[in-house]
Amino acid sequence: MGGLSNQLLVVTIFSYVLAMMAYAIEYAFGGRSLIARRALIGAGGPMVLEEASPPSSGARNAGIAAVGLTVFGYAAHLVALVTRGIAAGRAPWGNMYEFVMMATLVGVTVWLVVLTKWRNLRHLGLFVTLVASILLAIAGMTLYVPVGPLVPALHSYWLVIHVGAAATASGIFLVGFVAAAMHLIRLGHDNGKRNFPYSLGERLPQADVLERATFRIHAFAFPIWTFGVIAGAIWAEAAWGRYWNWDPKEVWSFIAWVVYACYLHARSTPSVSRRITSWIAVLGWATMIVNLFGVNLVASGLHSYAGV
Amino acid sequence: MRWIFHPAASVARRAWRQLTSMRTALMLLFLLAVAAIPGSVLPQRNVSPEKVRQYLALHKQWGPTLDRFFFFDVYGSPWFSAIYLLLFVSLVGCLVPRFRAHATALLRVPPKAPRHLHRLPAHATVTASGAASDVDRIRLLLKKRRFRTVVRHEGDVSEISAEKGYLKETGNLLFHFALLSLLFGVAYGSWFGWHGNRLLVRGPDFAFCNTLLNYDEHALGAQVGENDLPKFCLQMDRFAATYLPNGQPVSYKADIAVTQDGSVSHRVLQVNDPLRLDGANVSLLGHGYAPILVYTDKYGKSHRNVSAFLPQDGMLRSNGVVTFPDVNLDPSTGKRDEKAQVGFSGIYLPTAPDDPSAGTSAFPAENNPRLMLQPYQGVLGFDAGAPLSVYTLDQRQIDAGRLKKFGEPLMLKPGDTAALPDGSKIEFVGTEQWISVSIRHDPGQPIVLGGAIALLTGLLGSLTGKRRRVFFRITPEGITAGGLPRGDYPGFADEFADLVRAAAPAATVPDQVPQTDQVEEVV
């Protein structure tokens with residue numbers, strides 16, 4: 001079972017990379033997405049579709065193939081995680097390798113849900129598969145550990161709850177980060193910047209659509225993250241006798257929580273520009289990455305057994 | 001009331017307004033996040049005082065300066081406290097007016113409809129004629145959809161104002177008040193709580209009773225006195241650990257006899273399964289080995305010592321010292337030779353590899369135990385009064401030549417005896433297991449837990465709730481409607497269109513598609 005899981009992870013990474021290439025082909029040769037400008041025209045006006053150039057059928061096929069490859073990779077990803085869990089006889093997020101697998105799986109899930117809701121965001125698949133395949137490749141190459149039971153400290157049903165919530169929230173924040181970054185690129189492009197990466201902005205959806213998606217994804221992830229931190233505190237009380245220990249992982253979870261709280265507050269403050277709020281979201285993702293890689297690989301603390 | 005106009009009062013008022021503004025709150029939040037970082041990089045006293053000592057010893061230049069600015073006590077430092085206290089003051093300053101406004105809003109009926117409904121973000125003409133019966137019908141429709149409604153009449157014009165989504169602000173306020181209760185719970189716990197850490201070696205000789213003197217390390221809350229500690233005693237009867245072949249631990253289990261209120265109960269202590277006693281919780285933090293040594297001095301008198309060694313790695317290679325300060329008492333004179341105290345610094349390998357000189361252990365269980373000892377003789381330095389670690393010999397005494405190496409290093413198996421240069425003997429009898437436990441009482445916990453639950457509930461309410469108002473104006477010339485989402489609510493256009501459709505009397509079709517500025521869907 002463990003071996004099957006490892007092979008499936010390779011299949012997953014390859015599918016995502018191929019999907020990424022297909023997205024890139026669509027991105028490079030396809031036309032701009034269609035954008036409703038109804039709101040700008042004003043009340044009662046006809047709906048106007050703005051279209052720079054009609055997408056070629058080749059590009060369209062590439063886009064469809066990309067989605068197909070993503071779904072295929074996703075299925076392999078899901079089965080890889082499930083077989084890993086069966087092989088270990090426990091929830092498949094007991095170490096960093098499994099955590100990254102789980103978080104990226106949630107990320108791709110969220111992305112597929114977003115895709116069914118906002119079809120025109122398909123281009124963003126390029127960036128989602130990019131981030132997912134980079135993270136999975138890191139997991140497979142440097143974080144891999146063979147299937148095994150857990151250290152005594154992790155023998156608790158709180159593992160399922162606390163780490164499950166943290167991985168889920170991380171996966172959703174990942175998609176939120178992609179949306180925020182796209183929003184910033186599109187904004188930069190709208191403001192006349194043409195150098196990389198703003199040059200990518202031309203084919204992205206409208207800034208306010210991206211911005212609203214950013215907000216909704218974060219508003220969805222934040223309570224899950226909050227719940228994860230609270231569940232961690234309850235577990236810590238049972239495991240270490242104290243609900244909050246200012247362990248490096250806790251510190252960075254707290255920092256990420258504060259930064260995302262900042263994002264939500266800034267978002268609801270009209271005087272703060274949407275450019276700044278999206279930057280705060282990007283900063284939030286940076287703290288998540290520090291928490292995942294920086295803390296696990298550099299700092300030592302109470303969470304160290306979860307290490308690599 | 002003249003002081004209100006005093007310049008100082010106006011400065012204070014401006015400062016207060018500044019402090020309670022959202023911008024300031026955002027800055028403070030950011031500062032809080034940044035200020036928390038050093039605590040994850042530098043060792044902290046409340047987590048690992050030993051590491052702080054090591055850090056200070058290694059960084060003679062920077063260490064003291066960092067220490068002066070509380071970088072080893074970040075979360076109790078004045079600057080960290082200042083940030084969160086300012087943040088909470090700002091929070092209260094912001095919450096109180098909002099709470100008042102929300103309470104009023106909850107009590108008050110929805111406001112009058114604006115004169116020009118078509119200027120609202122969502123608006124529509126429902127029908128070209130209206131009647132008095134439409135008023136009740138539409139009001140009922142709104143009430144069914146859980147809008148709070150009020151009807152106002154002016155001549156032959158009737159207006160319905162409706163509002164919904166108070167949950168958002170209720171949740172918002174609950175979330176922020178929950179933060180305050182968290183702060184209070186943490187403070188309450190630190191005033192009325194206490195905790196201590198202790199090494200517990202197996203056996204009745206090493207039973208522990210809950211008094212401050214018996215702790216290796218402890219902290220009492222400001223409101224807790226030495227005599228407030230609950231009375232109980234712990235004795236470890238057995239410890240069992242299981243490991244995978246690669247040395248990874250699978251389980252730790254300690255059998256503990258608890259004596260409380262005059263009765264003895266036998267309990268099992270495991271990681272993730274603390275002993276919940278009356279007035280304190282006991283958690284299992286770690287375990288290790290304590291070598292048992294018998295030293296027979298040159299006069300033939302034996303001294304037994306059990307000293308806990310500290311594990312250095314996952315394979316439980318452990319370091320420690322064994323000291324015999326009261327040896328070499330001359331039976332003829334009855335005097336002790338102060339300069340002939342004996343101490344051993346040692347490394348214990350529970351499973352020595354084929355080449356034990358490598359100094360590493362191959363497995364954490366005791367499959368092939370070896371004890372490496374370096375004997376010392378001289379003045380151990382216990383009487384100098386300076387605080388000493390019980391895990392190392394006093395380096396100052398060694399450096400000063402008052403404590404000298406006493407023969408060659410020894411490598412002993414359990415049961416082995418070795419002779420020292422003066423004819424005295426050291427025997428390695430075996431080991432005892434020890435566990436380290438944290439004993440803690442935190443009466444703030446229920447408050448913090450309740451606060452956390454309220455926080456999450458409030459958060460969900462504030463993120464899912466959507467405040468919006470709709471107005472209907474019913475005149476003989478027609479029915480018009482307007483809608484106003486308060487805050488970000490992309491689905492409002494659909495909801496409004498649906499409302500307008502439902503409000504139209506049967507068999508009439510709205511003659512205009514409702515329009516809103518809040519277009520969300522794109523093709």
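Keep in mind the model is a prediction, meaning the values are calculated, not measured.
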(request) Kindly say whether B/Leu117 contributes a backbone atom to a donor-acceptor pair with the side chain of B/His123 at under 3.5 angstrom? (result) no
(request) Please assess A/His265 against B/Met22 for the test side-chain contact (heavy atoms from CB on, under 4.5 Å), listing each intermediate value before the final yes or no. (result) CA-CA 8 Å; A/His265 280 91; B/Met22 185 57 114; 3.6 Å; yes
(message) Out of A/Cys262, A/Ala219, A/Ala256, return the one with the most heavy atom pairs under 4.5 angstrom to chain B.
(response) A/Cys262
(message) Under the criterion side-chain contact (heavy atoms from CB on, under 4.5 Å), I'd like the reasoning laid out for A/Gln206 against A/Arg212: C-alpha separation, chi angles, the key distance, then a yes or no.
(response) CA-CA 10 Å; A/Gln206 263 186 317; A/Arg212 208 170 293 133; over 6 Å; no
(message) So which residue, A/Pro152, A/Pro149, A/Ala261, ends up with the most heavy-atom pairs under 4.5 Å with chain B?
(response) A/Pro152
(request) Answer with side chain, backbone, both or neither: which region of A/Phe254 has an atom nearer than 4.5 Å to a non-hydrogen atom of chain B? (result) side chain
(message) Is it the case that the side chains of A/Trp235 and B/Asn272 hold a donor-acceptor pair, with the cut-off being a distance below 3.5 Å and no angle test?
(response) yes
(message) Under 4.5 Å from any heavy atom of chain A, what part of B/Ser251 do you find: side chain, backbone, both or neither?
(response) backbone
(message) Minimum heavy-atom separation for B/Ala178 and B/Ser181, please, with both atom names.
(response) O-OG, 2.7 Å
(message) Is A/Trp257 close to chain B through its backbone or its side chain, or both, or neither, when contacts mean heavy atoms under 4.5 Å?
(response) side chain
(request) Anything in residues 271-284 of chain A with a heavy-atom distance to chain B below 4.5 Å? Please list those residues in order. (result) A/Ser271, A/Val272, A/Ile280, A/Leu283
(message) Looking at A/Gly94, is its backbone amide N or carbonyl O close enough to the side chain of A/Glu98 to form a donor-acceptor pair, meaning the two atoms are under 3.5 Å apart?
(response) yes
(message) Please check this pair: side chain of A/Arg186 against backbone of A/Leu204, looking for a donor-acceptor N/O pair closer than 3.5 Å.
(response) yes
(message) So which atom in B/Gly171 and which in B/Ser462 form the shortest heavy-atom distance, rounded to 0.1 Å?
(response) C-CB, 3.8 Å
(message) Check this for me: B/Lys253, atom NZ, are more than 12 non-hydrogen atoms of other residues, nucleotides or ligands nearer than 6.0 Å?
(response) no
(message) Counting only non-hydrogen atoms closer than 4.5 Å, does B/Gln248 touch chain A with its backbone (N, CA, C, O), its side chain (CB onward), both, or neither?
(response) side chain
(request) Would you mind checking which part of A/Arg267 comes under 4.5 Å of any heavy atom in chain B, side chain (CB onward), backbone (N, CA, C, O), both or neither? (result) side chain
(message) Report which part of B/Leu29 has an atom under 4.5 Å of a heavy atom belonging to chain A: side chain, backbone, both, or neither.
(response) both
(request) Begin from the C-alpha positions of B/Leu284 and A/Trp240 and carry the test side-chain contact (heavy atoms from CB on, under 4.5 Å) through to its verdict. (result) CA-CA 7 Å; B/Leu284 175 60; A/Trp240 305 318; over 6 Å; no
(message) Please check this pair: side chain of A/His218 against backbone of A/Thr214, looking for a donor-acceptor N/O pair closer than 3.5 Å.
(response) yes
(request) For each of B/Leu459, B/Leu285, B/Leu463, tally heavy-atom pairs with chain A at distances under 4.5 Å, and name the one with the top tally. (result) B/Leu459
(request) Check side-chain hydrogen bond (donor to acceptor under 3.5 Å, both in side chains) between B/Arg98 and all other residues, then give those that pass, not counting sequence neighbours. (result) B/Glu169
(message) Do B/Arg198 and B/Tyr215 form a cation-pi contact, if we require the NZ or CZ to be under 6.0 Å from the six-membered ring centre and within 45 degrees of the ring's axis?
(response) no
(message) In this structure, is the centre-to-centre distance between the rings of B/Tyr75 and B/Phe80 below 6.0 Å?
(response) yes
For residues 30-42 of chain B, run the donor-acceptor check on the side chains, cut-off 3.5 Å, and write out each pair with its distance to 0.1 Å, sequence neighbours left out.
unit_1: B/Ser40; atom_1: OG; unit_2: A/Trp252; atom_2: NE1; d: 2.8
unit_1: B/Ser40; atom_1: OG; unit_2: B/Ile37; atom_2: O; d: 2.9

(message) Using a 4.5 Å heavy-atom cutoff, which residues in residues 446-453 of chain B come close to chain A?
(response) B/Val448, B/Leu449, B/Ala452
(request) Pick one of side chain, backbone, both or neither for A/Phe220, based on which atoms fall under 4.5 Å of a heavy atom in chain B. (result) neither
(request) Would you check if the side chain of A/Tyr260 reaches a backbone N or O of A/Trp285 as a donor-acceptor pair within less than 3.5 Å? (result) yes
(message) So for B/Leu26, is it side chain, backbone, both, or neither that comes closer than 4.5 Å to the heavy atoms of chain A?
(response) both
(message) For chain A, which candidate among B/Gly193, B/Gly189, B/Ser283, B/Pro249 shows the most heavy-atom pairs at distances under 4.5 Å?
(response) B/Pro249
(request) Measure B/Asn246 against the heavy atoms of chain A and call it side chain, backbone, both or neither at under 4.5 Å. (result) neither
(message) Using heavy-atom distances under 4.5 Å, tell me whether A/Ile234 contacts chain B through its side chain, its backbone, both, or neither.
(response) side chain
